[in-house]
Amino acid sequence: MDHMSKISITQTPNYEYERVLADVKTHLERFDLLNRIKPEQKILIKPNLLMKRKPEEFTTTHPSLVEAVIVCLKEAGFSNITVADSPGGLYTPQLLKGIYDATGMSEICRKHQVTLNYTTDAKEKKNEAGKLVKSFPIIQPVWEADFIIDIAKLKTHAMTGMSGAVKNLFGCIPGLTKPEYHWRFPDKELFCEMLIDLCETVRPDFALVDAVEAMEGDGPSGGEKRNTGMILSSDNLYDLDFYLCSVIGVDPQTIFTVKNSIKRGLCCGDPQKLEIIGTANLPQQPFAVPTDIGVDFMGKVPKLFRKPVKAAIGKWFTSRPVIRKKDCVGCGKCAESCPAKTIRIENRKAVIGYSKCIHCFCCHEMCPVKAIDIKRTKLFDF
Ligand code: SF4
Ligand code: SF4
């Protein structure tokens, strides 16, 4: 698509609140965002609250970014602000409370008198132009919002390769309906096409990405901390994710949400068409990729052979989740989130029935004690 996009970058070395507030203000000013919202509009802030983790565990959007956005909105006179997400697992008020408390959302919303969503209703939202999905169940606060601000966390991701602005929207689908989408779209590329359909349905107005402390390796929950000291933003989520590929040091053609948004003409797919505002001190070393080979392996295979090689990999050599029994506490969260219903709890330990596994890694993502590894055969350790 022939468009120019603005990507705003600040070098934000840590989560010290005053610094984050100043940098978030800079981002919003660069897009004249506060003048684009009408006084009567309902504003929705959608952070990444994947699971019950503390901010320093670098899994969820840091509360200082969410707080900074709230303060900027309130200073500009907006009062109809809601913070909402549907994390992994069950979607109930009790579980939401635990996650909001742990991730720091309860405290900032209380402090600034902002609504923190506890309703667990959802409604179908249509998008007839969807390529694979023309209607999604969407959580009520997102459905009702007039202006949506996506605040994502930059992470590598075992299934989609990267979790950025577009992937963060998966949390607009309620609770255990999410695994159903893994079941419907076990193929990574189709799953990512579905995510693009979802993004086209939700249509956020703006996205910020928390890459101050990002995650590399086995994200979105089992990886290592990677300090990049950056906050990034744009009003085009696809172009923002395209740029994030250069932050994590991965070929955009290996991240299907990016590759296919380029194909659909939603992403410019050309660094020359990005107007970078701010200083971009990109990391010197690429992020560690997830253990799963699907992300960058194909780049090593000649184009001609990619299809048959991919099919063979899918059939015989796909990485798989492996339970570390000594660490498993038998909580059942993996079984709950497994779309193939192929995990059972025996003697207080999880057991995976591999014949039905679709390699979505929802179990790995949801294990609260990181007792699930992603393992690949030694054949691919080259
Ligand atoms: S593997 Fe993790 S999520 Fe599954 S039962 Fe054990 S501790 Fe719970
Ligand atoms: S066992 Fe894990 S990876 Fe396999 S289908 Fe279930 S949740 Fe997905």
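Residue indices begin at 1 and follow the sequence shown. Numbering of ligands and ligand atoms starts at 1, following listing order.
- Looking only at heavy atoms of the protein, atom 8 (Fe) of ligand 2 is closest to Cys360 SG, 2.4 Å.
- Of the N and O atoms on the side chains of Thr61 and Asp210, not one donor lies less than 3.5 Å from an acceptor on the other residue.
- When only modelled atom types and interatomic distance are considered, His112 and Glu67 share a side-chain donor-acceptor pair under 3.5 Å.
- Within the structure, salt bridge (charged side-chain N to carboxylate O under 4.0 Å, His left out) pairs that include any residue of residues 238-266 comprise Glu189-Lys259, Glu193-Arg264, Asp197-Arg264 (at least two apart or interchain).
- With no hydrogens or angles considered, no side-chain donor-acceptor pair links Lys375 and Ser319 at under 3.5 Å.
- Lys153 and Asn168 share no donor-acceptor pair across their side chains, judged by distance under 3.5 Å alone.
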Side chain to side chain contact (heavy atoms under 4.5 Å, CB included) for Lys349 and Ile323? Distances and angles first, verdict last.
CA-CA 9 Å; Lys349 300 288 172 190; Ile323 314 275; over 6 Å; no
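- For atom 2 (Fe) of ligand 1, protein N, O or S atoms closer than 2.8 Å were enumerated as Cys367 SG, with waters left out.
- Of all protein heavy atoms, the one closest to atom 6 (Fe) of ligand 2 is Cys338 SG, 2.4 Å.
- Among Val351, Ile343, Ile358, the residue whose heavy atom lies nearest to atom 5 (S) of ligand 2 is Ile358.
- Phe147 and Phe206 have their aromatic ring centers separated by at least 6.0 angstrom.
- Taking backbone and side-chain atoms together, Cys357 has an N/O/S atom less than 2.8 Å away from atom 4 (Fe) of ligand 2.
- Phe136 and Phe170 have their aromatic ring centers separated by at least 6.0 angstrom.
- Counting heavy atoms closer than 4.0 Å to ligand 2, residue Ile352 contributes side-chain atoms (C-beta onward) but none from N, CA, C or O.
- For ligand 2, the atoms closer than 4.0 angstrom to any heavy atom of Pro321 are 2 (Fe), 3 (S).
- Atom numbering of ligand 2 starts at 1 in the shown order; those under 4.0 Å from a heavy atom of Phe361 are 3 (S), 8 (Fe).
- No hydrogens or angles considered: a donor-acceptor pair under 3.5 Å links the side chains of Ser106 and Asp101.
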